[in-house]
Amino acid sequence: MKSMRIEDWLGFKELEKITGIPGSTIRRYAERFSRFLPAKTVDRVRKFPPDFVDIFKRIHGFYQEGRRTEEIAGLLALEVATTYDVQDVATDVTTVSTVSSPTPEILALLVPILDRFASALERIAENSARTAEAVEKRLAKLEELNNGFINSNFKKQLAQEKDSNLKISSKSDQRLSRDEIVARVVKLHGEGCGAGRIATILKKECFPTLSGRGFWGKGSVRRIIAESTSK
């Protein structure tokens with residue numbers, strides 16, 4: 001810093017007006033971070049060099065970000081170490097600001113911060129691993145349920161087809177005559193059923209086709225109806 005007169009230094013009221021930070025808050029910052037904000041008492045009023053305006057703003061910004069007091073102290077220690085040679089009130093005051101290597105005292109402030117940071121990273125890694133494991137188990141369970149559902153439906157479908165084939169075989173074994181099959185078709189047609197509806201009913205009732213092969217369709221039903229009406 002440049003050499004300046006003590007008259008140029010700022011009290012709490014001036015700092016409040018310049019920074020926009022409440023005076024009570026500035027006083028609290030001055031107490032908590034006195035090692036970074038050395039002051040001079042002039043006429044019973046504590047005053048600070050004008051350059052400290054930026055430091056007060058920095059501290060206020062750190063608190064606004066949600067940082068803790070010890071963390072802010074560590075950050076300030078890394079940024080600047082300031083020493084002051086303050087003489088009588090009537091004389092000039094020379095201030096020297098230098099950036100220095102971390103001292104044991106500064107490192108003592110930083111160690112807890114770094115430890116908490118490392119612990120936080122470990123917790124994040126552990127949570128990520130647990131989450132990934134839980135997701136894998138969930139996916140495996142869903143795949144198992146899905147496969148079970150598919151297999152269950154497939155088995156059910158096979159059972160239904162087997163039962164249907166047995167019923168058809170049973171009807172076939174009864175050796176229904178052509179006339180009986182035609183009579184059933186004609187009767188359903190007389191009741192107002194269309195060809196598609198008649199085919200569906202014949203399938204449900206397991207009537208064999210006239211050829212004994214395949215399944216009932218609209219075309220087969222229509223041919224029987226046409227033949228019976230032409231007679």
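For Arg28, the CZ atom counts as densely surrounded, since its 6.0 Å shell holds more than 12 non-hydrogen atoms of other residues, nucleotides or ligands. Summarising the local packing, CZ of Arg138 is surrounded by 12 or fewer heavy atoms from other residues, nucleotides or ligands at distances under 6.0 Å. Counting non-hydrogen atoms of neighbouring residues, nucleotides and ligands closer than 6.0 angstrom, the CD atom of Glu191 exceeds 12 such neighbours.
A tilted orientation is assigned to the rings of Tyr29 and His60, their planes being inclined by 30° to 60°.
Annotation: side chain of Glu143 is not in contact with side chain of Leu139 (no heavy-atom distance under 4.5 Å). The shortest side-chain heavy-atom distance between Val221 and Val185 falls under the 4.5 Å cut-off.
Of the inter-residue distances, the one linking Cys193 atom SG with Lys187 atom NZ reads 9.0 Å to the nearest 0.5 angstrom. Taking CG of Leu15 as the reference point, atom CZ of Phe56 lies at 5.5 Å (rounded to 0.5 Å). Within the model, atoms NZ of Lys57 and CD1 of Ile55 stand 12.5 Å from one another, a figure rounded to the nearest 0.5 Å. Taking CD of Glu14 as the reference point, atom CD1 of Ile26 lies at 10.0 Å (rounded to 0.5 Å). Within the model, atoms CG of Leu75 and CZ of Phe62 stand 4.5 Å from one another, a figure rounded to the nearest 0.5 Å. Put simply, CD1 on Ile18 and NZ on Lys13 are 14.5 Å apart, with the number rounded to the nearest 0.5 Å.
Annotation for Pro49 and Pro38: closest pair CD-O, 4.2 Å, computed over non-hydrogen atoms. Pairing each heavy atom of Phe48 with each of Ala39, the nearest pair is CE2-CB, 3.4 Å. The two residues Ser228 and Ile225 have their closest heavy-atom pair at OG-O, 2.8 Å. Between Lys218 and Ala195 the shortest heavy-atom distance is O-CB, 3.9 Å. Nearest heavy atoms, Pro22 versus Glu16: CA-OE2, 4.0 Å.
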Could you walk me through whether Ile59 and Leu37 pass the side-chain contact (heavy atoms from CB on, under 4.5 Å) check?
CA-CA 11 Å; Ile59 295 171; Leu37 299 166; 4.0 Å; yes

Hey, mind stepping through Thr69 and Phe33 against side-chain contact (heavy atoms from CB on, under 4.5 Å) and telling me if it holds?
CA-CA 9 Å; Thr69 299; Phe33 304 101; 3.9 Å; yes

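Screening Ile201, Ile198, Ile224, Asp179 against Arg184 for a side chain to side chain contact (heavy atoms under 4.5 Å, CB included) leaves a single residue, Ile201. Test Gln64, Glu71, Glu70 against Arg67 for side chain to side chain donor-acceptor pair (under 3.5 Å) and you get one pass: Glu71.
Although no hydrogens or angles enter the test, the distance criterion places a donor-acceptor pair under 3.5 Å between the side chain of Lys203 and the main chain of Trp216.
A salt bridge links Glu133 to Lys137: at least one charged side-chain nitrogen sits closer than 4.0 Å to a carboxylate oxygen. In summary, Arg178 and Glu227 engage in a salt bridge, as defined by a charged side-chain N under 4.0 Å from a carboxylate O. Ion pairing between a basic and an acidic side chain is recognised when a charged N comes within 4.0 Å of a carboxylate O; Arg27 and Glu31 show no such pairing.
Hydrophobic clustering (side-chain heavy atoms under 4.5 Å, transitive across Ile, Leu, Val, Met, Phe, Trp, Tyr) groups Tyr63 together with Ile21.
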